[in-house]
*Asks:* 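I have a structure I would like to understand better, so I am pasting it below and will then ask my questions one at a time.
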Amino acid sequence: MMETHPAFLDWWKQEGRRHYDAILFDIDGTLILGRGNPLPGAPETIDYLHACSTPFRLLTNDGNRPRERKCSFVTEAGIRVTPKEIISCSHALKGVAQRLGLTGRDIFVMGNPVPPGDYIRDAALNPVTDPARISECAAIFAAGGRYEWRESILAVFNELARNPAKPFIVANPDSYYPEPEGGYGIGAGSQARYVVQLLSELGIVKEPLYLGKPCRAIFDYALEELRSDCGLTALRPERVLMLGDFLKSDIAGANAMGMGSGLMMTGVTTREALEHAPEEERPNYIFDHLA
Ligand SMILES: [Mg+2]
């Protein structure tokens with residue numbers, strides 16, 4: 001059952017905060033519309049949550065910029081968040097590396113490792129970018145972003161053809177993403193699926209392990225951080241509300257986790273798309289704007 005409310009913040013004050021202990025926000029289309037451009041009510045909403053000490057985090061599938069850099073896109077819009085409140089899909093690398101027994105090992109990184117190198121070292125992995133060394137690496141990580149693909153993709157295709165069981169971790173499943181300066185970039189997900197398609201034509205079925213929304217790794221990381229850093233040690237997913245503008249990513253991901261889901265009509269989703277959304281992409285709440 002979907003409930004519609006004009007303003008998220010009014011609903012939160014009157015009712016929402018009784019049902020939820022923490023909030024996860026998408027960034028683009030939810031708090032800002034492009035770099036430095038706030039959506040109406042976003043600064044007030046964040047200030048209110050700070051004033052009430054309500055725990056929240058901003059979730060981004062941008063796995064290629066450090067927290068501080070992504071944070072600046074939001075603070076330039078007059079929204080007073082701190083780098084600590086940003087969670088990138090690449091943060092989820094740590095939990096996945098532990099689960100796969102990769103800690104302390106070399107990982108081949110497609111692309112320029114300089115910014116995502118931070119996440120990789122936080123996960124206790126050693127980034128390697130020299131394609132000649134790919135066979136020494138215990139796993140492959142597609143971080144996305146802008147880089148010269150040819151050498152990397154060729155090396156990854158050949159390595160997975162030789163060793164199909166090697167973990168292929170991908171920052172996010174996104175096909176494309178909006179560039180802060182306008183236009184679109186090609187996402188880590190479509191770079192990975194290009195390799196997967198090549199492998200399938202060799203008869204090899206390879207399933208990448210995606211970190212970003214709607215997949216669970218980023219949500220698991222966010223839950224852990226809220227539990228450990230915000231004094232919510234027993235926080236259950238159903239006490240967390242995810243607020244975002246994209247049905248297939250924010251809403252489907254939250255629903256699969258058993259979290260509350262709130263759709264902002266300020267981004268990519270139209271009324272028509274919402275009417276035709278399958279059950280797993282239907283939000284619990286719909287908001288016309290934040291405040
Ligand atoms: Mg969005």
Side-chain angles (χ1 to χ4, degrees), residues 2 7-9 23-43 45-46 49 56-65 67 69-79 81 85-92 144-145 171-190 210-219 221-222 240-257 259-274 277 280-291:
M2 300 190 286
F8 163 75
L9 191 56
I23 304 172
L24 300 175
F25 288 94
D26 167 55
I27 298 179
D28 254 298
T30 300
L31 293 172
I32 62 175
L33 209 54
R35 180 177 175 175
N37 182 26
L39 278 159
T45 298
I46 294 299
L49 297 176
F56 68 87
R57 290 290 185 271
L58 278 48
L59 298 195
T60 173
N61 269 8
D62 180 348
N64 206 44
R65 290 185 180 87
R67 256 178 174 170
R69 182 98 181 92
K70 191 71 185 179
C71 186
S72 72
F73 292 3
V74 182
T75 56
E76 280 170 18
I79 301 168
V81 295
E85 289 164 336
I86 309 267
I87 290 177
S88 141
C89 53
S90 291
H91 283 111
N172 61 63
D174 301 353
S175 293
Y176 60 89
Y177 58 91
E179 289 281 13
E181 303 80 18
Y184 297 99
I186 293 177
S190 34
Y210 297 111
L211 302 180
K213 300 175 287 181
C215 303
R216 69 172 300 135
I218 189 170
F219 291 102
Y221 181 90
V240 178
L241 177 69
M242 172 77 211
L243 214 52
D245 69 316
F246 191 14
L247 296 173
K248 289 188 187 310
S249 179
D250 306 311
I251 304 304
N255 289 348
M257 291 296 292
M259 294 176 173
S261 55
L263 178 72
M264 297 306 308
M265 297 305 294
T266 46
V268 295
T269 299
T270 60
R271 294 275 166 198
E272 198 192 355
L274 180 58
E280 65 272 18
E281 294 176 12
R282 293 172 83 82
N284 300 120
Y285 310 98
I286 300 154
F287 302 104
D288 294 327
H289 46 264
L290 280 169

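When reading the values below, keep in mind they use all heavy atoms of this one structure, side chains included, and skip hydrogens, waters and symmetry mates. Whatever order the structure lists ligands and atoms in, that order sets their numbers, starting from 1.
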*Asks:* Parallel, tilted or perpendicular: which describes the rings of H91 and Y221, with under 30° parallel and over 60° perpendicular?
*Replies:* parallel
*Asks:* Need one value: angle at the Mg ion (ligand 1), D28 atom O versus D245 atom OD1, rounded to 10 degrees.
*Replies:* 90°
*Asks:* Give me the one residue out of D26, N172, N61, D174 that meets side chain to side chain donor-acceptor pair (under 3.5 Å) with K213.
*Replies:* D26
*Asks:* Quick one: do F73 and D28 satisfy side chain to side chain contact (heavy atoms under 4.5 Å, CB included)? Show the steps, please.
*Replies:* CA-CA 10 Å; F73 292 3; D28 254 298; over 6 Å; no
*Asks:* Does D250 bring an N, O or S atom to within less than 2.8 Å of the Mg ion (ligand 1)?
*Replies:* no
*Asks:* Do you see a donor-acceptor pair shorter than 3.5 Å between the side chains of T269 and D245?
*Replies:* no
*Asks:* So which of the N, O or S atoms of D26 lies nearest the Mg ion (ligand 1)?
*Replies:* OD2
